[in-house]
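All remarks here apply to the structure that follows.
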Amino acid sequence: MFPAKCKAILKNMKDEVLEIGYVSYSAQDQYLDFTAQFVPIIPINEQVKVICSESGITTHVFIGNVYLSSTKLLRVISLKCAFIHGAERVLAAHIPFEAQIYLPAFKHKLFVNKLMYKWQDCSIKAISLNGAAIECPEILSEYEEKITIKISDPIFTKPTELHLHTGEKGLMFGNHTKYKYKIGKISKRCESELRAFIRAANIALLGNVEMIDEKTLY
């Protein structure tokens, strides 16, 4: 999903499918570029609709005017965007923030190494309803399958623990390791606040584009 390319359907304002391809979006310059194996030639200033999707779920619908049209690329400007209800189920929030992770640490005493758990700082690089990308000190392999993180701001109204289980093995970056974990079962309150955070983060990526209610599309 944005700012990378995503799958998209190009339609006219009669809701007729013109082509299936990919779209990229410039929040800074407020335009869409639609590309496909063959892009239909459309008159300049004609209004079109671009339906974006992730994992087969519609996430955004853009309406705008054709600015440039060729067989390789269609550029659309004067955009309006509807962020579709439920899109947060398949999107992630790529807004780094600080959290805590509950990790084992050895306490060294004379002739004895005692294993203790303690909360340590970590950084959440991305989060979705299904998983999280975490940057933290390297986790010992025997303890990396299941972990617990604690998050408050900017997602939850109060400190909230999330139980995670193995997603992808860690990759080293300097003194820290980046891990991808799957999120276990969470409460309705946690899900609601996490969904709101993901929605707000993805709308923020759109910049100053005019947002419209999806009900106006039908």
Side-chain angles (χ1 to χ4, degrees), residues 1-97 123-133 135 154-155 178 180 192-218:
M1 191 48 66
F2 306 125
K5 283 186 177 181
C6 69
K7 292 183 178 180
I9 301 172
L10 177 66
K11 291 186 175 183
N12 59 25
M13 296 309 292
K14 295 179 181 178
D15 248 6
E16 298 169 332
V17 176
L18 302 178
E19 188 57 79
I20 297 173
Y22 295 88
V23 69
S24 59
Y25 170 70
S26 171
Q28 180 177 349
D29 298 312
Q30 299 287 294
Y31 66 76
L32 280 178
D33 279 346
F34 178 87
T35 56
Q37 190 169 4
F38 175 78
V39 180
I41 301 296
I42 299 176
I44 303 302
N45 289 325
E46 185 166 315
Q47 201 169 48
V48 293
K49 187 183 294 185
V50 180
I51 294 90
C52 307
S53 65
E54 184 76 19
S55 302
I57 303 294
T58 299
T59 58
H60 307 65
V61 176
F62 287 91
I63 294 173
N65 299 326
V66 174
Y67 175 77
L68 183 155
S69 182
S70 73
T71 57
K72 293 184 178 180
L73 180 144
L74 183 78
R75 178 162 292 180
V76 185
I77 61 171
S78 302
L79 297 169
K80 298 179 181 180
C81 177
F83 189 87
I84 304 304
H85 178 73
E88 59 272 17
R89 291 190 291 118
V90 293
L91 297 178
H94 294 272
I95 298 180
F97 59 90
S123 179
I124 309 297
K125 297 300 183 182
I127 192 166
S128 70
L129 286 174
N130 299 314
E135 191 176 275
I155 299 179
K178 187 174 181 181
K180 289 186 178 180
S192 177
E193 293 183 346
L194 181 52
R195 286 173 73 119
F197 177 75
I198 294 168
R199 184 180 184 87
N202 279 277
I203 289 176
L205 283 177
L206 299 173
N208 295 321
V209 69
E210 181 181 347
M211 301 300 298
I212 58 174
D213 193 314
E214 65 178 283
K215 294 178 182 177
T216 63
L217 300 172
Y218 311 109

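- Judged as a side chain to side chain contact (heavy atoms under 4.5 Å, CB included), and not counting sequence neighbours, the contacts of S78 are N65.
- Summarising the geometry, atom CE belonging to M211 is positioned 5.5 Å from atom CG belonging to L206; distances are rounded to the nearest 0.5 Å.
- Looking at every heavy atom in both residues, G21 comes nearest to F34 through N-CZ, 3.6 Å.
- Taking all atoms of both residues into account, the shortest heavy-atom contact from E88 to I84 is OE1-O, 4.4 Å.
- In terms of heavy atoms, I41 sits closest to T71 at CD1-N, 3.7 Å.
- Of all the heavy atoms in A36 and I20, the pair that sits closest is CB-O, 3.6 Å.
- Every residue meeting the side chain to side chain donor-acceptor pair (under 3.5 Å) condition with E16, not counting sequence neighbours, appears here in chain and number order: N12.
- The environment of Y67 atom OH is sparse: at most 12 non-hydrogen atoms of other residues, nucleotides or ligands sit within 6.0 angstrom.
- Remark: I127 CD1 to K125 NZ distance equals 13.5 Å, nearest 0.5 Å.
- Judged by distance alone, the side chain of S128 and the main-chain N or O of G131 form a donor-acceptor pair under 3.5 Å.
- Side-chain contact between I63 and M13 is present, with at least one heavy-atom pair separated by less than 4.5 Å.
- Two residues are said to be in side-chain contact when any heavy atoms from C-beta on lie closer than 4.5 Å; I44 and V66 meet this criterion.
- Within the structure, the salt bridge (charged side-chain N to carboxylate O under 4.0 Å, His left out) test picks out no pair touching residues 36-46 (sequence neighbours left out).
- Residues that satisfy the side chain to side chain contact (heavy atoms under 4.5 Å, CB included) test with S55, not counting sequence neighbours, are V90.
- Within a 6.0 Å radius of CG in N208, other residues, nucleotides and ligands contribute 12 heavy atoms or fewer.
- When atom types are taken as modelled, the side chain of Q30 and the backbone of L79 share no donor-acceptor pair closer than 3.5 angstrom.
- Applying the 6.0 Å contact sphere to NZ of K80 captures no more than 12 heavy atoms from other residues, nucleotides or ligands.
- Here the closest heavy-atom approach between residue E19 and residue F38 is recorded as OE1-O, 2.9 Å.
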Query raised in the report: Passes side chain to side chain contact (heavy atoms under 4.5 Å, CB included), L18 versus I42? Steps please.
Result: CA-CA 10 Å; L18 302 178; I42 299 176; 3.7 Å; yes

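- L10 CG to L74 CG: the interatomic distance, rounded to the nearest 0.5 Å, is 6.0 Å.
- Applying the salt bridge (charged side-chain N to carboxylate O under 4.0 Å, His left out) rule to pairs touching residues 60-79 yields D33-R75, sequence neighbours excluded.
- Taking 4.5 Å as the limit, every side-chain heavy atom of Y25 sits out of range of all side-chain heavy atoms of V50.
- Contact of the T59 side chain with the N202 side chain is not registered, since no non-hydrogen atoms from C-beta on lie closer than 4.5 Å.
- How far CD1 of I77 is from CZ of F62: 14.5 Å, rounded to the nearest 0.5 Å.
- S123 places no side-chain N or O within 3.5 Å of a backbone atom of E135 that could act as its donor or acceptor partner.
- Atom CG of L91 is separated from atom CG of L129 by 9.5 Å, given to the nearest 0.5 angstrom.
- Scored by the salt bridge (charged side-chain N to carboxylate O under 4.0 Å, His left out) test, R89 finds no partners at all (sequence neighbours excluded).
- Closest of all the heavy-atom pairs between A82 and E214 is CB-CA, 3.9 Å.
- Of the inter-residue distances, the one linking C52 atom SG with F83 atom CZ reads 11.0 Å to the nearest 0.5 angstrom.
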